[in-house]
Amino acid sequence: MALDKMDIAKRIAQELKDGFYVNLGIGIPTLVANYVPEGIQIEFQSENGILGMGPFPLDGDEDADLINAGKQTITSLPGASFFDSSMSFGMIRGKHVDLTILGAMEVSEKGDIANWKIPGKLVKGMGGAMDLVASAENIIVAMMHVNRKGDSKLLSKCTLPITGLGCVKRIVTELAVLDVIPQGFCLVERAPGVSVQEIKEATAGKIIIPDRVPEMQF
Amino acid sequence: MIDKTVQSVVDALEGVTSGMTLMLGGFGLCGIPENAISELVRLGVSNLKCISNNAGVDDFGLGLLLQQKQIKTMIASYVGENAEFERQMLSGELEVILTPQGTLAEKCRAAQTGIPAFYTPAGFGTEVANGKEIRTFHGKNYVMEEAYQADFAFVKAWKGDEAGNLIFNGTARNFNPLMCGAAKVTVAEVEELLPAGSLDPNQIHIPGILVNRIFQGQNYEKRIEQRTVRNI
């Protein structure tokens with residue numbers, strides 16, 4: 001059965017390693033914070049200027065001077081720090097942030113990502129996405145395998161305006177975990193009960209299928 | 001001590017005229033110079049080019065200037081949450097230059113620190129790089145971006161002193177420190193203006209040399225854009 005958004009977040013949370021500084025994008029990536037594995041230490045960075053971001057505040061504890069990049073009220077945890085936007089993107093471009101998790105409209109088999117603009121529709125801007133994808137060593141995309149029209153979002157070449165080239169390392173969808181390797185998308189894991197054939201049919205770009213493709217474990 | 005204080009927002013904005021390029025601090029509605037924006041509305045200056053990460057909401061922040069059609073060009077990284085902005089952009093009344101957030105920050109910092117241009121990987125291979133110089137360093141491609149040139153920078157700090165030294169609070173810091181000294185005139189408004197000597201020099205985020213005018217702000221609303229709470 002295909003995963004829901006919570007399950008996608010849960011699977012991505014397995015990628016979190018002890019000592020990681022992690023930047024979470026808006027949407028499914030935000031949910032990953034709910035599933036940090038027990039016994040490891042993680043700090044979340046929000047690019048508007050905080051490391052050590054905590055959960056949403058309790059009712060009545062909201063602080064207008066303490067928000068995340070989605071402009072939601074947040075809290076800070078012990079060990080947190082605040083900094084300006086230049087320092088924030090400095091630590092991103094300087095590769096000090098270990099993992100970036102973000103959503104996408106399209107990913108190509110070369111690891112190109114498009115996630116900021118649909119021609120003919122209203123453009124709201126790229127925010128920090130171009131800076132993040134241009135620099136992060138380790139980018140995981142969380143997205144649905146196909147769009148609402150049923151078209152694959154894993155393509156040989158992006159059709160939408162590019163956010164960054166050759167940057168995506170791993171993709172987690174409702175159907176599968178795939179790595180971007182020089183030959184194309186390499187199928188790593190299947191969602192429970194989803195067949196290799198289903199994943200193949202939902203992937204427009206070149207897909208490499210190893211002899212054995214295990215099911216995701218939760 | 002060189003006293004940077006001015007008595008009111010009216011004095012603080014002296015010299016602002018139509019057609020100028022303005023920097024305004026803030027991320028969303030967090031840390032925006034509310035008093036300066038109100039005064040810009042009152043002054044009615046128009047044809048402004050505004051550099052700010054966002055463009056406010058319909059009835060607050062830079063949205064107030066948009067309502068009066070005072071902005072001609074908006075430079076920002078993200079401009080959602082504003083219906084009037086969308087209308088003016090789609091009708092062609094408003095020119096919009098979308099800039100990656102880290103690049104926008106660095107273009108301010110470059111102006112502040114006397115760096116005319118710099119190379120960043122952000123935007124390479126995208127339409128943001130169109131017409132810009134590309135250089136390769138150690139096998140990776142970079143886009144050349146130039147420092148901003150602005151007439152006024154309006155920033156908001158938590159505490160400040162008569163010498164123009166500033167301390168910011170939480171994530172209201174964002175772009176504010178980077179815009180100090182990045183324009184011909186920097187105007188800082190603060191929630192609490194203190195006598196020189198009241199702030200610990202070790203704790204100053206921005207030294208007063210980067211601030212030309214400082215004033216005690218009034219009636220801060222500090223509106224929250226996305227109030228989000230947890231239950232337990």
Run the numbers on B:F27 and A:K71 for side chain to side chain contact (heavy atoms under 4.5 Å, CB included), then give the verdict.
CA-CA 8 Å; B:F27 184 100; A:K71 293 153 193 153; 4.1 Å; yes
Heavy-atom cut-off 4.5 Å, strictly under: side chain, backbone, both or neither for B:Q112 against chain A?
neither
Rounded to the nearest 0.5 Å, what's the gap from CD on A:E47 to OG on B:S77? Could you check?
9.0 Å
With a 6.0 Å cut-off (strictly less than), is the heavy-atom count around CD of B:E133, excluding the residue itself, greater than 12?
yes
Cut-off 4.5 Å, heavy atoms of chain B, and the answer for A:A69 is both
Segment of A:P161 engaging chain B (4.5 angstrom heavy-atom cut-off)
side chain
With side chains defined as the heavy atoms from C-beta onward, is the minimum distance between A:K124 and B:L98 less than 4.5 Å?
no
B:R109 (side chain) donor-acceptor with A:S86 (main chain) under 3.5 angstrom
no
Over 12 foreign heavy atoms within 6.0 Å of CE, A:M6
no
With chain B as the partner, which of A:D112, A:D59, A:I162, A:T73 has the greatest number of non-hydrogen pairs under 4.5 Å?
A:T73
Does any heavy atom of chain A fall under 4.5 Å from the side chain of B:N54, the backbone, both, or neither of them?
side chain
Counting only heavy atoms from other residues, nucleotides and ligands, does the tally under 6.0 Å from NZ of B:K184 exceed 12?
no
Return yes when atom NZ of B:K4 has more than 12 non-hydrogen atoms of other residues, nucleotides or ligands closer than 6.0 Å, and no otherwise.
yes
Shorter than 4.5 Å, heavy atoms on both sides: which option in B:W158, B:F175, B:Y78 has the most such pairs with chain A?
B:Y78
Taking every heavy-atom pair that is under 4.5 Å apart, which of A:N48, A:L165, A:L66 has the most such pairs with chain B?
A:N48
Relative to chain B, which of A:G128, A:A129, A:S135, A:S46 shows the most heavy atom pairs under 4.5 Å?
A:G128
Assert top hit (heavy-atom pairs under 4.5 Å, partner chain A, pool B:K140, B:E106, B:R173) equals B:R173
Are more than 12 heavy atoms, taken from residues, nucleotides or ligands other than B:E146, located less than 6.0 Å from that residue's CD atom?
no
Which residue in the set B:N53, B:N176, B:N174 passes side chain to side chain contact (heavy atoms under 4.5 Å, CB included) when paired with A:S85?
B:N174
Could you please spell out the steps behind the side chain to side chain contact (heavy atoms under 4.5 Å, CB included) verdict for B:E127 and A:W116?
CA-CA 11 Å; B:E127 61 187 54; A:W116 77 282; 3.4 Å; yes
Measure distances from B:L90 to the heavy atoms of chain A and classify the residue's part below 4.5 Å as side chain, backbone, both or neither.
side chain
With a 4.5 angstrom heavy-atom cut-off, is it the side chain or the backbone of A:F89 that approaches chain B, or both, or neither?
side chain
Exam field: side chain B:N169 to backbone A:D65, donor-acceptor pair closer than 3.5 Å
no
B:V96 versus chain A, the contacting section by heavy-atom distance below 4.5 Å
neither
Closest approach of B:A122 and A:D131, non-hydrogen atoms and distance?
CB-OD1, 3.4 Å
Structural part of A:V123 lying under 4.5 Å from a heavy atom of chain B
both
Around A:K110, counting heavy atoms of other residues, nucleotides and ligands shown, do more than 12 lie under 6.0 Å from its NZ?
no
Interchain contact, A:T163 with chain B, by part (heavy-atom threshold 4.5 Å)
backbone
Which atoms of A:D61 come close to chain B, meaning under 4.5 Å heavy atom to heavy atom: side chain ones, backbone ones, both, or neither?
neither
Considering non-hydrogen atoms only, spot the tightest contact between A:M130 and B:P100 and give its length.
SD-CG, 3.9 Å
Should we count NZ of B:K222 as having more than 12 external heavy atoms under 6.0 Å?
yes
Hey, could you give me the OG1/CD1 distance between B:T228 and A:I74, rounded to the nearest 0.5 Å?
10.0 Å
Using non-hydrogen atoms only, which part of B:R227 is less than 4.5 Å away from chain A: side chain, backbone, both, or neither?
both
Nearest 0.5 Å please: distance from the CD atom of B:Q226 over to the CZ atom of A:F56.
10.0 Å
Any chance CD of B:E93 has more than 12 other-residue heavy atoms, nucleotides or ligands included, within less than 6.0 Å?
yes
A:I67 and side chain to side chain contact (heavy atoms under 4.5 Å, CB included): which partner among B:T171, B:L29, B:I224?
B:T171
Taking B:E225, B:M89, B:Q101 one by one, which has the highest count of heavy-atom pairs under 4.5 Å against chain A?
B:Q101
Taking every non-hydrogen atom, the tightest pair across A:R93 and B:P121:
CD-CD, 3.8 Å
